[in-house]
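Notes to accompany the following structure.
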Amino acid sequence: MSLVESIRFIMPEIILLVGAIVILVFSLFVSKKNVLGVFALFAIAAASLYLPQGHKTEPGLFFNMLTNDSFSLFFKEICLFITGIVILVSIGYEELKEKYIGEYLFLLLNGTIAMLLAVSSNNLLMIYLSIEMLSLISYILTAFLKNNILSSEAALKYFLFGALSTGIMLYGISLTYGLFGTTDLGIISKAVSAGQINSLVSLILLVLIFAGFCFKCSLVPFHMWAPDVYEGAPTAVTAFISVGPKAVGFAVLLRIFTNNFFPLYISWVNLAMLISIFTMTIGNVIAITQTNIKRMLAYSSIAQAGYILIGFVVGTAAGIEGVLYYILAYTLMNLGAFGCVILVSNFIKSDAIEDYAGLYKKDPVTSFMLSIFLLSLVGVPPLAGFWGKFLVFNAAIQSKFILLAVTGVINSIVAAYYYMRIIKCMYLEEPKVKDTGPKSVPLQIALAIVLAGVLIAGLYIAPFLNWIKASQSFF
Amino acid sequence: MLFPILTCIVFLPLAGGLIILFTPKKNIGLIKTIATAVTAIDLILSIILLINFNYTGSSMQFEENLSWIPSVNIFYHLGIDGISIGLIFLTTLLSFLACVGSYSIGIRQKEYFFLYLLLATGMLGTFVALDLVLFYVFWEIVLVPMYFLIGIWGGPRKEYAAIKFFIYTLAGSIFMLLGILAFYFTSTPHTFSILELGKTTGALTMPIQILIFIAFYLGFAVKVPVFPFHTWLPDAHVEAPTPISVLLAGVLLKMGGYGFFRISFPLLKEAAHYFVLPFAILGMINIVYGAVVAMAQVDFKKMVAYSSVSHMGFVMLGLASMTTTGFNGALLQMFNHGIITGAMFFLVGVVYDRAHTRDLNKFGGLGVKMPVYAGMLTVFSLASLGLPGLSGFVSEFMSLLGSYAAFKIITIVSVLGIVITAGYFLYMLQRVLMGPLNEKLAGINDINKRELFTLIPLMAIAILIGVYPLAALKFQMAAIEQLIQKLGGMIF
């Protein structure tokens, strides 16, 4: 396909870029959060309208750099949804000063462009570039409260860890190039299928590339940045980081490993299984002792990534569907949980779990919503989180990964304890909370949307499963 | 059947709960009226069910089957047979009575009744679901309201008791989820339907059957509770408010036993036979150990809680017998225990509300001050210790009769449990009702009309089944006989 014909497939990215620049320029004249935020939302809506339609796979865009298939479409929809919710959440986030909202939205929209490119990349170099772009924007967003020492520290840690792990990944990519003479995944895939590669070399390069994604998806042993960054970053950014880069990380992981390196499955499956087991266990066990809700949610999201990885390890169609559904459910409930945290922190000015005591009395609606999101994270049916676990455990048992399923199950019990602790605090303890202030309307809209999502994706799951089935084009 | 009566019974409480959510917090009278009306209608519906129930047939009745999640073969499949109908009646009855008993709840009534009705939906759904995933969903729904009901409205150590209950039951049930998934993949074609899985038994190899059986066992044994998974029960009971204790003992414990009847035994025949002896031994331990520990209690409520552990042992023993008599006894024991122990918890609540203590040594001579209460307490204590002519005797006798054929020594030891039971109940009666009146309790009032209203129906049923057991047995006999035939057990 020629260059010009390819352009219509990146219309969403172009729209977002134009929108971002317009916002940056306009922010010189208007600094009302709401106005700029609504404009950014329009850009997101327009971008999603222009998503390439149809489930036909279109390879070979931009000299094979990008591809367009139902898989990338699924993740593009999720990414746009994430950014839309994060914008709503950010408008309602008080610590974000109106003066800087233009730059903030500019970065957020550019981050979205990076995500959209990453999930449709079909070339290791393109993947590296888009992920690096996303990372750089994440570092800046993390440091956005530049007068806050925690925020700056978090960004520095994030940057150092990120630099190290992308360095490792880049090394893996360079080895791949040395081995295959190309970075095009389609050509590599053919060579791998032909089976003429040294298994030791392939193992080394797989491990190196995998390490890069472990960082993005906050998998053990590259998870150490997550708690500090989640705690230090502005909470709206934390919400974004906890779902956006993670979804992208898993998308690209699936594309590279399951779609293209699948013949080498045997050489990575045990490693991935170990990582999954350690990620779940370490995340859950450390989460128990946390006293700051953002840190706790950081460890919780590490553990959740471990569950998602189960589906990847299994590697069957059922496993991939489990991963996709889990990412969807995880996005909804995590955005919801962080949205509630922002709403609460706006008036209690604290993220300590003990300050949530008796919240039900002052703010019954938020307490109720936060409880639903936490119960969904626990995996209580019929909420979305339950079906995510159901589907990945289902896939694990089907393929006889009993150890993985049992570890997952035991971890869910451990996890129940710390999630319930917050619910306990809100409902069972006597209030310390001061009176609530006015609540931001956009934030409440965002919460209503994700709450509806958690309930609908749980109770009326059939259409979601059909959508996911149509989206995974690997098997 | 055109009218989806089971769906109505299950979701009517939830609908009522949602209406309550939109009722003003201050209007407590309206909230109570809605909750009572909803549970009353539910009770009437379940009586209609009893009247229209065909107890000569052993197949599922009032079935409803809709596709829920087609891509993984999950169905919204409801139905009842002789095994579940008694438990549904028990649940609706106790839900209604405990709802009336909840009028004395003093704080946060709106949340209380919402959670209460959500709990009712979960319990009823568990007994009618015929799809394993649907069963699991209802089973887990019960957990959340129960956690709050104990944790918010409970006693001094409520937080500890609530989280202990939550973690214990979640731990058990999540292994059950693995068992459910294992069922799905070992069946051809893949199905979650309890009925389909029941038809194709024998396809599973023994090691897999045993693994699945253990996975389900963990889920059910925690709920029953079977020794050594019983430690959450005394804590939860002691801390829970009276109406919730009633439901906990009356209905929640039955969910575990029901699981054995509905899933473990019919779906895993060979494994069930393999585990008969451990079942019998655990039943014996429950009976004797529960009774001995109950004897040592000074807390009235804790004593009744441990008596529950003891009584549920007869269910295990009856199941282990693999005879129709034993099975009938076990199932009837679940129903009777719900009625009698439910009433016992009401009675503990009555005296606690007045004396503000549950210490058995601080009562004394209440028989003079509270004659009606004394009469009630005596009747239910006698029913609980197995006096012939009252319902407890019938089912315990049948369980023992059934198991004697299979396990003589175990049965003989278990009978000792009954002696101890008689001992601690009579000792309790002596300490509460007889002796000199404790001066501090001189101003105590007798049981009031509302409390009496919650106890009379239970007493009527306890006497009816005691005198004419067939009134209850006729509903379940055909289903039990079919189950025993399928299991290859003895019919006598």
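Being a predicted model, the structure only gives us computed values, none of them experimental. So that the names make sense, note that chain A is the first sequence line, chain B the second, and so on, each numbered from 1.
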Inset, instruction - Check side-chain contact (heavy atoms from CB on, under 4.5 Å) between V224(B) and all other residues, then give those that pass, not counting sequence neighbours. - result: V226(B), F260(B), M312(B)

Legend entry - Close side-chain approach of V137(B) and F390(A), heavy atoms under 4.5 Å: no

Legend entry - Under the side-chain contact (heavy atoms from CB on, under 4.5 Å) test, residues paired with A416(A) that sit two or more places apart: V378(A), F166(B), I167(B), L170(B)

Legend entry - Contacting moiety of L459(A), where chain B heavy atoms sit under 4.5 Å: backbone

Legend entry - Contacts of F373(A) that satisfy ring pair (Phe, Tyr, Trp, His ring centres under 6.0 Å) - sequence neighbours left out: none

Inset, instruction - Could you walk me through whether V406(A) and L178(B) pass side-chain contact (heavy atoms from CB on, under 4.5 Å), step by step? - result: CA-CA 8 Å; V406(A) 172; L178(B) 290 186; 3.9 Å; yes

Legend entry - Segment of I461(A) engaging chain B (4.5 angstrom heavy-atom cut-off): side chain

Inset, instruction - Report the distance from atom CG of L177(B) to atom CD1 of I397(A), rounding to the nearest 0.5 Å. - result: 8.0 Å

Inset, instruction - Would you indicate whether the side-chain heavy atoms of I141(B) and P382(A) approach each other to under 4.5 Å? - result: yes

Inset, instruction - Answer yes or no: does atom CZ of F185(B) have more than 12 heavy-atom neighbours from other residues, nucleotides or ligands under 6.0 Å? - result: yes

Between chain B and chain A, which N or O donor and acceptor atoms come closer than 3.5 Å?
| residue | atom | partner | partner atom | Å |
| --- | --- | --- | --- | --- |
| W68(B) | NE1 | L459(A) | O | 2.9 |
| R108(B) | NH1 | Y360(A) | OH | 3.0 |
| R108(B) | NH1 | Y427(A) | O | 3.1 |
| R108(B) | NH2 | Y427(A) | O | 3.2 |

Legend entry - Proximal component of I152(B), with respect to chain A [non-hydrogen, under 4.5 Å]: both

Inset, instruction - Kindly indicate, with the supporting measurements, whether the criterion side-chain contact (heavy atoms from CB on, under 4.5 Å) is fulfilled by L143(B) and V380(A). - result: CA-CA 9 Å; L143(B) 265 180; V380(A) 172; over 6 Å; no

